[in-house]
*Asks:* 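Pasting a structure below so you can have a look.
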Amino acid sequence: MTATKPKGRTDMLRPDGSAVRVLVVDDEASLAELLSMALRYEGWQVHSAGDGAGALRAAREFRPDAVILDVMLPDMDGLSVLGRLRREQPEVPVLFLTAKDAVEDRIAGLTAGGDDYVTKPFSLEEVVARLRGLIRRSGAAQARSESLLAVGDLTLDEDSHEVTRGGESIHLTATEFELLRYLMRNPRRVLSKAQILDRVWSYDFGGQANVVELYISYLRRKIDAGRPPMIHTRRGAGYLIKPGE
């Protein structure tokens, strides 16, 4: 099984601009990790559980937008987990995962309330594609246009110049917008003051480092005020942006 991300695919976001959340439930640790890696590669938040009790507990705390659920679990079968899950979160789409390939098993899974069914062995691409379809149809997330940048719950629309964090609108000046756009185009990457000056102010580094520091402080007041910080300083190296923790 391999994870290859098709070129041009748009990311999916929740209505508040944050990443889609998926709960992976499988007692095969290596398979659960493989699935989790593929889903994180899509930019989604992932939580995993190895048994039914853990899955129900995680669902209450994590509030996933979709669930990948193995039918065979060590403490209870997936159909029982689904029944209990549906009582608490009736709208969350569920993709069944199982080694069983019999028609009656497929029918049982779908009759119990599952939304789709994939049998092992499977390709990660197929699982991701099925999951995307389920999430899109459920209305839990929307496809992100190519003009929209997102890091955690922070979004920036390059066309409309609208910026929001956690669904709350943030007003930026033209220079603040350009600086934030550069940071968000390079999430988790440390950008030096020289790089920022060249990209945002279009002139070479030369005694003007204070202007970068000044505008970083402006952004922090607007982006991070009262929230988990997203803009970070790496002393002697530069600045980076990453989801707030």
Side-chain angles (χ1 to χ4, degrees), residues 10-23 36 39-40 42-48 57-66 88-89 91-92 135 138-197 199-201 208-245:
T10 56
D11 290 337
M12 297 183 72
L13 297 170
R14 306 174 96 198
D16 65 359
S18 60
V20 167
R21 297 179 180 183
V22 181
L23 174 60
S36 297
L39 299 179
R40 290 191 184 103
E42 295 293 315
W44 299 346
Q45 291 185 47
V46 184
H47 192 99
S48 60
R57 185 166 54 251
R60 295 187 195 103
E61 298 171 357
F62 187 55
R63 306 301 296 181
D65 299 303
E88 297 182 20
Q89 299 178 51
E91 302 302 322
V92 65
I135 294 169
S138 74
Q142 55 196 6
R144 189 188 83 181
S145 71
E146 294 298 331
S147 68
L148 195 67
L149 302 177
V151 178
D153 62 350
L154 178 67
T155 65
L156 179 151
D157 192 313
E158 295 183 290
D159 290 338
S160 69
H161 280 215
E162 294 178 343
V163 176
T164 65
R165 182 162 183 195
E168 181 180 341
S169 181
I170 298 172
H171 176 72
L172 300 179
T173 66
T175 302
E176 290 167 349
F177 181 86
E178 286 302 321
L179 175 55
L180 182 61
R181 171 155 59 179
Y182 186 42
L183 291 171
M184 292 182 69
R185 281 181 171 176
N186 298 274
R188 299 182 184 276
R189 176 186 171 193
V190 177
L191 302 171
S192 70
K193 292 177 182 177
Q195 288 175 308
I196 294 172
L197 278 169
R199 173 61 182 82
V200 179
W201 280 270
Q208 301 294 330
N210 60 322
V211 74
V212 176
E213 296 171 4
L214 183 62
Y215 273 85
I216 286 288
S217 70
Y218 291 161
L219 273 185
R220 280 181 168 140
R221 290 176 196 169
K222 296 182 177 183
I223 301 299
D224 290 343
R227 306 179 177 98
M230 296 184 69
I231 301 173
H232 301 269
T233 301
R234 292 292 180 262
R235 192 173 299 277
Y239 304 94
L240 77 152
I241 193 166
K242 63 180 182 178
E245 298 176 352

*Asks:* Minimum heavy-atom separation for Arg221 to Ala225, with atom names?
*Replies:* O-CB, 2.9 Å
*Asks:* Looking at NE2 of His232 and NZ of Lys242, how far apart are the two atoms once the value is rounded to the nearest 0.5 Å?
*Replies:* 5.0 Å
*Asks:* Out of curiosity, Ile196 CD1 to Leu179 CG, how far, rounded to the nearest 0.5 Å?
*Replies:* 6.0 Å
*Asks:* Does any non-hydrogen side-chain atom of Arg188 lie less than 4.5 Å from one of Pro243?
*Replies:* yes
*Asks:* Asn186: what forms a side chain to side chain contact (heavy atoms under 4.5 Å, CB included) with it, not counting sequence neighbours?
*Replies:* Tyr182, Arg189, Leu191
*Asks:* Between Arg227 and Lys222, what is the shortest heavy-atom contact and its length?
*Replies:* NH1-O, 3.5 Å
*Asks:* Does the side chain of Leu172 come within less than 4.5 Å of Leu219's, by heavy atoms?
*Replies:* yes
*Asks:* Would you name the heavy atoms of Ala58 and Leu23 that are closest together and state the gap between them?
*Replies:* CB-CD1, 3.8 Å
*Asks:* Test your reading of the model: is there a side-chain donor-acceptor pair from Gln89 to the backbone of Ala59, 3.5 Å cut-off?
*Replies:* yes
*Asks:* Where is the tightest heavy-atom contact between Met230 and Val151, given as atom of each residue plus distance?
*Replies:* CE-O, 3.0 Å
*Asks:* Is the number of heavy atoms from other residues, nucleotides or ligands under 6.0 Å of Glu88 CD greater than 12?
*Replies:* yes
*Asks:* Residues two or more places apart in sequence or in another chain: which of them pass side chain to side chain donor-acceptor pair (under 3.5 Å) with Arg234?
*Replies:* none
*Asks:* Pair Glu213, Thr233 - check side-chain contact (heavy atoms from CB on, under 4.5 Å), show working.
*Replies:* CA-CA 10 Å; Glu213 296 171 4; Thr233 301; over 6 Å; no
*Asks:* Are Glu168 and Arg165 ion-paired here, with the side-chain N under 4.0 Å from a carboxylate O?
*Replies:* no
*Asks:* Apply side-chain contact (heavy atoms from CB on, under 4.5 Å) to residues Leu154 and Val163 and explain how you reach the verdict.
*Replies:* CA-CA 7 Å; Leu154 178 67; Val163 176; 4.0 Å; yes
*Asks:* Taking the side chain as every heavy atom from C-beta outward, state whether Leu183 and Leu149 have any atom pair closer than 4.5 Å.
*Replies:* no
*Asks:* Where do Ile223 and Leu180 come nearest, in terms of heavy atoms and distance?
*Replies:* CD1-CD2, 4.0 Å
*Asks:* If I take atom CG from residue Asp65 and atom CZ from residue Arg63, how far apart are they, to the nearest 0.5 angstrom?
*Replies:* 10.0 Å
*Asks:* Does the side chain of Tyr239 reach to within under 4.5 Å of the side chain of Val212, using non-hydrogen atoms?
*Replies:* yes
*Asks:* Which heavy-atom pair separates Gly43 from Ala19 by the least distance, and what is that distance?
*Replies:* O-CB, 3.4 Å
*Asks:* Is the His161 ring parallel, tilted or perpendicular to the Phe177 ring (thresholds 30°, 60°)?
*Replies:* parallel
*Asks:* Please check this pair: side chain of Asp224 against backbone of Ile231, looking for a donor-acceptor N/O pair closer than 3.5 Å.
*Replies:* yes
*Asks:* Nearest 0.5 angstrom please: Glu162 CD to Thr155 OG1, how far?
*Replies:* 8.5 Å
*Asks:* What distance separates Arg199 CZ from Arg181 CZ, expressed to the nearest 0.5 Å?
*Replies:* 6.0 Å
*Asks:* Show your working on side-chain contact (heavy atoms from CB on, under 4.5 Å) between Val200 and Tyr215 and close with a plain yes or no.
*Replies:* CA-CA 11 Å; Val200 179; Tyr215 273 85; over 6 Å; no
*Asks:* Checking Ser192 now: which residues fulfil side chain to side chain contact (heavy atoms under 4.5 Å, CB included) with it, not counting sequence neighbours?
*Replies:* Ala194, Gln195
